[in-house]
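What you see below is based on every heavy atom in this structure, not just the backbone, and it leaves out hydrogens, waters and symmetry mates. Throughout, protein chains are lettered first and strands after them, A, B, ... in sequence-line order, and every chain is numbered starting at 1.
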2 protein chains.
Amino acid sequence: MVTIYDIAARANVSAMTVSRVINNTGRISEKTRAKVKRVMEELNYVPNQMARSLVLQQTHLLFLLIADITNPFYTTLARGAEDAARKLGFRLLFGNSDENGDKEQEYMDTLLKMRVDGLLVAPAGDASLPHLETLRRHQVPFVLLDREVPGVESDIVLGDSKEGARQLVRHLSENGHRRIAMINGALTVSSARQRFEGYKEALKLNDLPYSEEYVLETSFGPRADLSEIDRWLGRMDPLPTAIVAGNNVLAVEVIRTLNARGLRVPEDISLVCFDDLASYAEIDPFVTVISQQAYQFGYLGMQMLIDRIRNPEEAGPWKKIVLPSELIVRRSVKAVR
Amino acid sequence: MVTIYDIAARANVSAMTVSRVINNTGRISEKTRAKVKRVMEELNYVPNQMARSLVLQQTHLLFLLIADITNPFYTTLARGAEDAARKLGFRLLFGNSDENGDKEQEYMDTLLKMRVDGLLVAPAGDASLPHLETLRRHQVPFVLLDREVPGVESDIVLGDSKEGARQLVRHLSENGHRRIAMINGALTVSSARQRFEGYKEALKLNDLPYSEEYVLETSFGPRADLSEIDRWLGRMDPLPTAIVAGNNVLAVEVIRTLNARGLRVPEDISLVCFDDLASYAEIDPFVTVISQQAYQFGYLGMQMLIDRIRNPEEAGPWKKIVLPSELIVRRSVKAVR
DNA sequence: CTGTTAGCGCCTTCAG
DNA sequence: CTGAAGGCGCTAACAG
């Protein structure tokens, strides 16, 4: 491996001079600077970030940990975070926890050991509390995205999940639906909880009955096994006339399961969900959704993170951004009666 | 920051003993091991990966650089790579080049400086040659995914793009289409070239006319601006009866543009493409595609990479895996005549 | 079983 | 404008 000493020897200067050329610090004569640069190129020198971070005590690395890399909500969010990081002069790396607390834990360990300068996280759930406390204890700045974690105070970007659920239920109610079921992610995820709350409130508000039988708590992540959903559908009697899905992944899984049972959306049963279904949905705008500004989640979150990193002493109060969501009516709801 | 010296002092041992406990090397009495471990927990010690990597000359970090994080082909590939890495005991981080050579370059710089142990890359295009040569020069093992780069010899996982294109054209031909257009990614990307070659060969084989006017070379990445596609559609006279899209992103963009012009698929014009359209396509299986085993690209690529890293001395010949692709007939092709 | 010494590649500090 | 010394946190190699 080529080091500054190799450069120094070849250029007849000290290692210190080479270091100064690399970092553009101190005053160097144009002549030596040019010579050093030439030698660096000749030798294909690449600075050793490890060594540098070790002495500087910072890595200039930011990290985004998302919960599901195959979910377009998160990949769009990732684009936003990346764009903001670039614009502000930082490099960003990604990780994928797969909605899995253990994998998240592994990433946290890695990041802590790597001494990343800051972290953007969509936490896997409430069980992320200890991981986040560890980050805090080690003074790693972080911003939560999309999900809060009880017991954790931090900067955060959220969607208005409760209001979104209310809008979905109201829309169904306005279309004459009275038996409205909900399939949801795990209630250990704050967004799932909020959506569930909003669902129940809206039922009450619209004088609609609530029944436990009509609610299935499962997981936001993609699963190969759809039998749980199928059993739920089999259990409900009578079938609901509409289903609210807690996110886009669940919506797709429900539709597939319904189709397998010979039921069609919206002819036999209506369906709405949270989060848009990627640009691919634009081919055939079909599912009525609560659309969230995924890109903004990432962009604004990254801005907050970098702000904290750049001005650690200011230490203002935690900021909370709640992004509004929008009901987009398409064709997955049939008016009944 | 807590260091092994802090631990050592508190536990009345030397730093070396602490190091041995951390790494489970050498022989340590159960008593001291227990004591050291207790002190580490008390002090919330986290090993400094920088320092460790510096002396060990390896980071245990693997990296996957994909070309478009919003494309389900690549996110599925990412899942495959991640699963393989976990199974083999490695950690994986991600980056997204956005089909952009400059961003790719930035990532390469970062990775080189970070001294990652190995890299999985879906290169942005032929212009990646110098980046890859740099990796090679610095002896960073890498495996190419999905795209080859002329001038670069390496392990690689490819799809059979040429054959895929032939199948698509044959399918259209069998359905009576004679005016078949193609929209493609940049020809500086090997998969786009292969698909173009396959398209031309298949036209000849099926006695169909080839016309430059019917071919648009653009980019595989997502663009906000669809006017280029719109102008192309306006230029073709007469309109083709079918279009082959070089990938899923382009297919969606073409459909959107056609719809904006009041043209419907497949009633007014048929369309086929490469790569599946995410699980969301399962809602309404619509576009006839050449489906590739995205997950396997990542999984097999990662296996090859780790194999190289673990057995650097063996240095067998470069391996090339060509994954077969499969024509999935859906509803986006209308039989004509 | 445990400690000492030296050095990984770089930068800060202090002298010239 | 340039250089020498020391240390960031850790581990390999050698002593004991």
Side-chain angles (χ1 to χ4, degrees), chain A residues 1-37 39-40 43-61 109-117 138-140, chain B residues 1-37 39-40 43-61 109-117 138-140:
Chain A
M1 174 184 293
V2 181
T3 74
I4 51 171
Y5 288 97
D6 301 321
I7 312 287
R10 272 255 225 170
N12 286 317
V13 294
S14 76
M16 213 33 240
T17 302
V18 177
S19 172
R20 285 197 258 261
V21 171
I22 294 169
N23 299 294
N24 264 310
T25 55
R27 328 195 142 282
I28 309 265
S29 75
E30 259 322 308
K31 227 172 80 182
T32 46
R33 178 191 305 281
K35 187 167 53 177
V36 169
K37 286 209 166 179
V39 176
M40 289 200 307
L43 266 47
N44 288 307
Y45 171 73
V46 176
N48 185 322
Q49 186 63 44
M50 257 48 2
R52 173 182 265 179
S53 299
L54 190 58
V55 32
L56 294 182
Q57 299 286 14
Q58 57 164 330
T59 54
H60 270 298
L61 279 181
D109 285 351
T110 304
L111 301 180
L112 232 38
K113 288 189 200 161
M114 284 174 65
R115 305 291 196 262
V116 298
D117 285 354
H138 289 279
Q139 314 196 45
V140 180
Chain B
M1 172 184 291
V2 181
T3 75
I4 50 171
Y5 289 97
D6 301 320
I7 312 288
R10 272 254 225 173
N12 287 314
V13 295
S14 75
M16 207 41 231
T17 302
V18 177
S19 172
R20 287 192 180 103
V21 171
I22 293 169
N23 299 294
N24 266 311
T25 55
R27 326 195 143 283
I28 310 265
S29 76
E30 259 323 307
K31 227 171 81 180
T32 46
R33 178 191 303 282
K35 186 165 53 174
V36 169
K37 286 209 165 178
V39 176
M40 291 201 305
L43 267 46
N44 288 309
Y45 172 73
V46 176
N48 186 320
Q49 187 62 44
M50 301 297 106
R52 173 182 266 178
S53 300
L54 189 58
V55 33
L56 293 181
Q57 299 286 14
Q58 58 165 329
T59 54
H60 271 299
L61 279 181
D109 285 352
T110 304
L111 302 181
L112 231 39
K113 287 188 199 162
M114 283 175 65
R115 305 290 197 262
V116 297
D117 285 354
H138 289 279
Q139 315 197 43
V140 181

Participant: Heavy atoms only: give me the nearest V2(B)-L43(B) pair and the separation to one decimal.
Facilitator: CG2-O, 3.5 Å
Participant: Taking side chain to side chain contact (heavy atoms under 4.5 Å, CB included) as the test, write out the residues that go with V46(A), two or more places apart.
Facilitator: L112(B), K113(B), R115(B), H138(B)
Participant: Could you report the tightest heavy-atom contact between M50(B) and M50(A), atom names first, then the distance?
Facilitator: O-CG, 3.7 Å
Participant: Please identify each residue that fulfils side-chain hydrogen bond (donor to acceptor under 3.5 Å, both in side chains) with Q139(A), with sequence neighbours left out.
Facilitator: none
Participant: Under the side chain to side chain contact (heavy atoms under 4.5 Å, CB included) rule, collect the residues that match up with Q58(B), sequence neighbours excluded.
Facilitator: L56(B), H60(B), D117(B)
Participant: Using atom types as modelled, flag every donor-acceptor pair under 3.5 Å from a side chain in residues 5-12 of chain B to any protein atom, sequence neighbours excluded.
Facilitator:
{"residue": "D6(B)", "atom": "OD2", "partner": "T3(B)", "partner atom": "N", "Å": "2.8"}
{"residue": "R10(B)", "atom": "NH1", "partner": "E42(B)", "partner atom": "OE1", "Å": "3.2"}

Participant: With sequence neighbours excluded, give me every salt bridge (Lys or Arg N to Asp or Glu O under 4.0 Å) pair touching residues 21-35 of chain A.
Facilitator: E30(A)-R33(A)
Participant: Give the stems involving DNA chain C, where a stem is 3 or more consecutive Watson-Crick or G-U wobble pairs (i with j, i+1 with j-1, and so on) under 3.5 Å.
Facilitator: C:1-16 with D:1-16
Participant: For N44(A), which residues count as a side-chain hydrogen bond (donor to acceptor under 3.5 Å, both in side chains) partner, sequence neighbours excluded?
Facilitator: R137(B)
Participant: Generate the contact string for nucleotides 4-16 of chain D. Rules: B means base contact, S means sugar-phosphate contact only, - means no protein heavy atom under 4.0 Å.
Facilitator: B---BBBBBBB--
Participant: Identify whether any heavy atom of T32(B) sits under 4.0 Å from a base atom; if not, whether one sits that close to sugar-phosphate; answer base, sugar-phosphate or nothing.
Facilitator: sugar-phosphate
Participant: How far apart are the closest heavy atoms of M114(A) and Q49(B), and which atoms are they?
Facilitator: N-CB, 4.0 Å
Participant: Shoot me the first and last contacting nucleotide of DNA chain C against chain A, ordered 5' to 3', at under 4.0 angstrom to non-hydrogen atoms.
Facilitator: dG9(C) to dT12(C)
Participant: Just jot down the side-chain hydrogen bond (donor to acceptor under 3.5 Å, both in side chains) partners of R52(A), sequence neighbours excluded, or say none.
Facilitator: N23(A)
